[in-house]
There are 4 protein chains.
Amino acid sequence: MFRINPQSPDPIFQQLASQVMEAVARGQLKEGDKLPSVRELARETTVNPNTVVKAYDTLERDGVIYRRRGAGCFITGKTTNLALPERRKRLAKLMEKAVNDGIYLGFDGPALLAALEEQIKKNRKQSS
Amino acid sequence: MFRINPQSPDPIFQQLASQVMEAVARGQLKEGDKLPSVRELARETTVNPNTVVKAYDTLERDGVIYRRRGAGCFITGKTTNLALPERRKRLAKLMEKAVNDGIYLGFDGPALLAALEEQIKKNRKQSS
Amino acid sequence: MFRINPQSPDPIFQQLASQVMEAVARGQLKEGDKLPSVRELARETTVNPNTVVKAYDTLERDGVIYRRRGAGCFITGKTTNLALPERRKRLAKLMEKAVNDGIYLGFDGPALLAALEEQIKKNRKQSS
Amino acid sequence: MFRINPQSPDPIFQQLASQVMEAVARGQLKEGDKLPSVRELARETTVNPNTVVKAYDTLERDGVIYRRRGAGCFITGKTTNLALPERRKRLAKLMEKAVNDGIYLGFDGPALLAALEEQIKKNRKQSS
DNA sequence: GTGGTCTAGACCACG
DNA sequence: GTGGTCTAGACCACT
């Protein structure tokens, strides 16, 4: 279920967290569903257990999962507990970076939009 | 002419390099044009000279500028040294990250596209 | 494994980069091999960590190594990113300088060739 | 008579000095011959007069020319006043750098020798 | 004045 | 522990 790409500019913990978040948004993971244990997920994805811990920390901080001592991690059903303004702000920063980097590569606005659209489509396919 | 945003997720040297690249792409800087000296640009932007050096290093290795000791830094006229396939590859990676992170924030495809478009517009305003 | 000569006309970061490049060319370093960490190499060679960083920067931009944050620096297996014509061009420039300076010292063609040959032999010894 | 290449890694003053030295070695300039004035040479080659001054300084220091106040610069007839051991030492350093840089470009010993030979031939043609 | 290199030491993010 | 960025300040060579 999890695909990680060590070559991605995105940190590994972020890739994991993002995929959990996405599964929730799609309804593939629902409230109360149990996530794999840290060790299990680390083995499956061959990443450092500390990295999985950090992904789960991030998800817990953002209200996507909750932990029950000795039992494991479970889906809350929410996709985030950040307020919309904060989320928008972060999205803006993120896209600012994308625009900046894209321009540095010598692309213009329409080319950037096309590239983003392609990735969105690609993402949809991989997850289904 | 140069504006830097210390709060940006993009490193300062990248912001500087990106702005030079952009000016070349727009035709505001042409082959043979002289860039501000390292010290001058450092003074103007109140960043450390070494940071400017790093920006210029980046631009030189990417074939955008060339340097002459004792004389200064000059525009080559090229916007990049990289072949198109390599540039496309990097752009794809870049957008993969944007999609990944945007989804984590709980946004969907259309929302991401809208956010990117907004940043592109904003960027256009700032540069003119 | 690394030897640096502070008296050399070559900058230290170049000497380091050159030695890594050479080890790859000889097959002593292979794809996926891990390089010493920045701090470790700095300690071993008693140069400043920033100088090692610059050497690694050079190697990365030339496609000889890739870096993973928190993990380390690894050999790509390539000895250079540059196309052969570009490499030839640079070699020609380099030798133009050698001829120019050698003549200034009052040597003629055969003397220059002999001197180059001697350095090549010396280099071979040091690396083995 | 003078050809300068601003793109060369060799500093301009060095290129000028080298060409004077070479002309002496070939007998094209003889004892007592007068060199162009600083201003004249600067105009001809479109370099900074200070750069010409530095070239003449270098030649004077090395015993190749002498100055007569108000009259100009003249050839001594010697090609250098450095002792042979010092000249050999400098040549060795110079070639060490060439080997180092050449290897970094991914070339081996025979390729370096071939490239040097080619430059020597090229130099002979240009000067005649 | 220009760029080029190096040292020293700080703070941050990732595994 | 790893790499990434930045500041501060020094010394050198070239125009």
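Values below: all heavy atoms of this structure, side chains included; hydrogens, waters and symmetry mates excluded. Treat the numbers as computed from the prediction; the structure is a model and nothing was measured. Convention: sequence-line order gives letters A, B, ...; per-chain numbering from 1.
To the nearest 0.5 angstrom, A:Leu91 atom CG is 5.0 Å from B:Phe107 atom CZ.
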Quick test: give all pairs of protein nitrogen or oxygen and nucleotides 12-15 of chain F nitrogen or oxygen below 3.5 Å, distance rounded to 0.1 Å.
{"unit_1": "F:dT15", "atom_1": "OP1", "unit_2": "D:Ile12", "atom_2": "N", "d": "3.1"}

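Checked options B:Lys78, B:Arg67, B:Arg68; the residue passing with B:Glu60 is B:Arg67 (criterion: salt bridge (charged side-chain N to carboxylate O under 4.0 Å, His left out)).
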**Message:** Go through it in stages, so that I can follow the logic: the residues are B:Lys97 and B:Asp101, the test is salt bridge (Lys or Arg N to Asp or Glu O under 4.0 Å), and I'd like the CA-CA distance, side-chain angles, deciding distance and then a yes or no.
**Reply:** CA-CA 6 Å; B:Lys97 176 170 170 54; B:Asp101 295 358; 3.0 Å; yes
**Request:** Decide side chain to side chain contact (heavy atoms under 4.5 Å, CB included) for C:Leu112 and D:Met95; before the verdict, give the C-alpha distance in whole Å, the side-chain angles of both, and the deciding distance to 0.1 Å.
**Result:** CA-CA 8 Å; C:Leu112 298 186; D:Met95 289 301 174; 3.9 Å; yes
**Request:** Tell me, with the steps shown, if A:Glu96 and B:Ser8 meet side chain to side chain contact (heavy atoms under 4.5 Å, CB included).
**Result:** CA-CA 8 Å; A:Glu96 179 189 342; B:Ser8 166; 3.5 Å; yes
**Prompt:** Could you go step by step and tell me if C:Leu16 and C:Val20 meet the side chain to side chain contact (heavy atoms under 4.5 Å, CB included) rule?
**Reply:** CA-CA 6 Å; C:Leu16 291 175; C:Val20 171; 5.9 Å; no
**Request:** List the steps and the verdict of side chain to side chain contact (heavy atoms under 4.5 Å, CB included) for C:Arg3 and C:Gln19.
**Result:** CA-CA 9 Å; C:Arg3 63 209 133 84; C:Gln19 286 170 37; 3.9 Å; yes
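Two residues, B:Thr46 and C:Tyr56, neighbour DNA chain F, and the one matched to the more 5' nucleotide by heavy-atom proximity is C:Tyr56. Looking at which nucleotide of DNA chain E each of B:Arg67 and C:Val47 is closest to, the 5′-most match is held by B:Arg67.
No donor-acceptor pair under 3.5 Å is formed between the side chain of C:Glu44 and the backbone N or O of C:Phe2. Formation of a donor-acceptor pair under 3.5 Å by the B:Thr76 side chain with backbone atoms of B:Val64 is found in this model.
The footprint of chain B on DNA chain E, defined by a heavy-atom cutoff below 4.0 Å, extends from E:dG1 to E:dC6.
Scanning DNA chain F for stems, defined as runs of 3 or more consecutive Watson-Crick or G-U wobble pairs whose donor-acceptor distances all fall under 3.5 Å, gives the following ranges: E:1-14 with F:1-14.
Side-chain atoms of C:Ser18 and D:Asn100 form a donor-acceptor pair, as typed in the model, at a separation below 3.5 Å.
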